Amino acid sequence: MLKRGLVAVACLALALPAHAFVISEDPLEESSFVAGGAVRSYNLLLHGGPLSAPFVPRDENPAAVSIVALRPKLELKHPEFAVVIHDELTSSSSTLPASLLGSTLSIGKGAATPTWLPLAWSAVDHSRFQLQNRIDWLYARASFDDMSLTLGRQPITIGRGHIWTPEDLLVPFSPLQLNTEYKPGVDAVRLDLPVTDGATLMLVGALGKREPKSDFEVGKDGSAVLARVEASVAKLRLGALGGYVRGDAVGGIDLFVDLGGGTDLHGSTTVTYVPDTERRRYGRAAFERAVLGSTSQLHEKLLFTAEAYVNGSGAPKPKYYLDEMTSPRFAVGEAYNVGRLYVGVAADWELHPLLHALGSAILNAEDPSAILAPELDFDVAENTLLVAGAFIPVGKGPRYEATAITPESEFGLYPRIYHLDAKIYF
């Protein structure tokens, strides 16, 4: 299975041109019409952890997963308007049924995005093979002086943080996600406008649904209304956020300070109030999330990030971790970690202009447990990148009692994962 995915990608690498096809372009008018896309292949080998007996047959451990995503795109851009369409056709195959893989693939993979428009469908949906298509971006943007209005399925990123992003509540990336080139789109209306010199206001209204509903019905469980203002003063940028996200009231602040010498200080914090008593976890009517960190260019070829993270929505004890992994917040990607206190580091070291060594480590400081993620990126050609890496959990494994699992640590719940990826852009 892994060989099949890699051979397909290798053939495409030989056949595809290095750049997107520019249908028309006018540099003086800053306008263009471009057709292009990407093909990405993720091939994973999973071993140990929750794939061990008695819950998975011995001959099914290790397991293999192969994911190939074709993403064609059309982008028409002009200073006064833009129209962008990105499609994504994804095939997923596994030696294990999807029901047995469960949450183990929350490493390296993002959660499903709640959306409103019926722009996704499955051509094949078997337990070990799926072929799915989704129009991931479909939006139009109009600009008037310094104001812009964007309507449709669009990527939206909010706040600060590199490993953790507490304010980015609509579609945050997992701290250990493999696919971060394109952020999944949400069905939204977005207005950006200046309010004073050095300050801008962003208003977002997003529609979506988690539970199955009729095509155009809207659900509170997938919708949001947010406002964020950001102001810049010298080397300091401050932001404030407020709104309503999937039934909860949210407020937050963030900062970014350029300390000079290639070093910054960044932070973000949110407070969430949960009006629905049935959705309150551990009796909490409100909880906080906060990240504080710094990114520094330690050397001309070495970039380093360190962050500390408080996850107020996490479980107070390991025995509740599985409940968190099946919670609505985990299902939509609002939370990817189920504990409460973390530290993390990430580094990018340029060994050669074509070869980068990357790595990250995340520590749950209360278990304690950790996960290490070494990686090598090799630019094979101008349009082709090969990636080899691993996710190595460190922590006490769960207790197995009859048909029950009692977690002893967060990262002790995960298998070891080794991955070989290919990314081709055309």
Side-chain angles (χ1 to χ4, degrees), residues 28-32 75 77-84 137 139-173 183 185-207 223-246 248-273 286 288-297 305 307 309-310 334:
L28 295 178
E29 293 291 334
E30 297 181 354
S31 63
S32 63
E75 297 182 352
K77 294 186 177 180
H78 187 273
E80 296 180 354
F81 65 88
V83 177
V84 174
W137 295 359
Y139 65 87
R141 176 179 295 133
S143 300
F144 315 94
D145 296 325
D146 294 329
M147 180 179 71
S148 68
L149 177 67
T150 308
L151 175 65
R153 182 164 294 178
Q154 57 189 287
I156 296 177
T157 299
I158 302 172
R160 310 292 175 195
H162 295 281
I163 301 173
W164 293 281
T165 53
E167 286 183 297
D168 201 8
L169 294 168
L170 297 181
V171 194
F173 282 131
K183 195 163 193 185
V186 293
D187 297 328
V189 179
R190 171 176 173 169
L191 178 65
D192 294 271
L193 68 160
V195 288
T196 63
D197 289 341
T200 58
L201 174 66
M202 178 182 70
L203 301 173
V204 175
L207 299 178
S223 301
V225 177
L226 288 169
R228 182 174 185 270
V229 63
E230 181 176 324
S232 299
V233 180
K235 295 184 177 181
L236 171 66
R237 279 180 275 174
L238 294 171
L241 171 79
Y244 174 90
V245 179
R246 292 185 286 271
D248 299 335
V250 179
I253 56 174
D254 59 81
L255 64 83
F256 175 92
V257 185
D258 183 353
L259 301 177
T263 300
D264 72 47
L265 176 69
H266 59 264
S268 178
T269 184
T270 61
V271 176
T272 300
Y273 171 69
E288 75 293 337
R289 295 192 181 110
V291 64
L292 181 64
S294 177
T295 296
S296 182
Q297 193 77 47
T305 296
E307 291 184 348
Y309 177 55
V310 175
E334 181 182 325

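The structure displayed is predicted, hence computed values, not measured ones.
Around CD of E80, the count of heavy atoms belonging to other residues, nucleotides or ligands within 6.0 Å does not exceed 12. Heavy-atom neighbours of L201 CG from other residues, nucleotides or ligands within 6.0 Å: above the threshold of 12.
For the pair L255 and L265, the tightest heavy-atom approach, listed with the atom from each and the gap, is CD1-O, 3.8 Å. Of all non-hydrogen atoms in D187 and R153, the two that sit nearest each other are OD1-NE, 2.7 Å.
Considering only heavy atoms from C-beta on, D264 comes within 4.5 Å of F256 through its side chain. Between W164 and S268 there is no side-chain heavy-atom pair separated by less than 4.5 Å. A heavy-atom distance below 4.5 Å is found between the side chains of L241 and L226. The shortest side-chain heavy-atom distance between R141 and R190 does not fall under the 4.5 Å cut-off. Side-chain contact check for T165 versus I158: every heavy-atom pair is 4.5 Å or farther apart. Proximity of T157 to L170: side-chain heavy atoms (C-beta onward) are nowhere separated by under 4.5 Å.
Side-chain atoms of T263 never come within 3.5 Å of backbone atoms of Q297 as a donor-acceptor pair (strictly under, hydrogens ignored). Between the side chain of E288 and the backbone N or O of V310 there is no donor-acceptor pair closer than 3.5 Å.
Between I156 atom CD1 and L169 atom CG the span is 12.0 Å, to the nearest 0.5 Å. With rounding to the nearest 0.5 angstrom, the OG atom of S223 is 9.5 Å from the CZ atom of R246. To the nearest 0.5 angstrom, L292 atom CG is 12.0 Å from D254 atom CG. To the nearest 0.5 Å, the span separating CD1 on I163 from CZ on F173 amounts to 15.0 Å. The structure places CG of D248 at 10.5 Å from OG1 of T270, a figure rounded to the nearest 0.5 Å.
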Only distances under 3.5 Å count here; give the side-chain donor-acceptor pairs of residues 229-238 to other protein atoms, sequence neighbours excluded, each with its distance to 0.1 Å.
{"unit_1": "E230", "atom_1": "OE1", "unit_2": "R228", "atom_2": "NH1", "d": "2.8"}
{"unit_1": "E230", "atom_1": "OE1", "unit_2": "R228", "atom_2": "NH2", "d": "3.4"}
{"unit_1": "E230", "atom_1": "OE2", "unit_2": "R160", "atom_2": "NH2", "d": "3.2"}

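Using the six-membered ring where Trp is involved, W137 and Y139 have ring planes that are tilted, between 30° and 60° apart.
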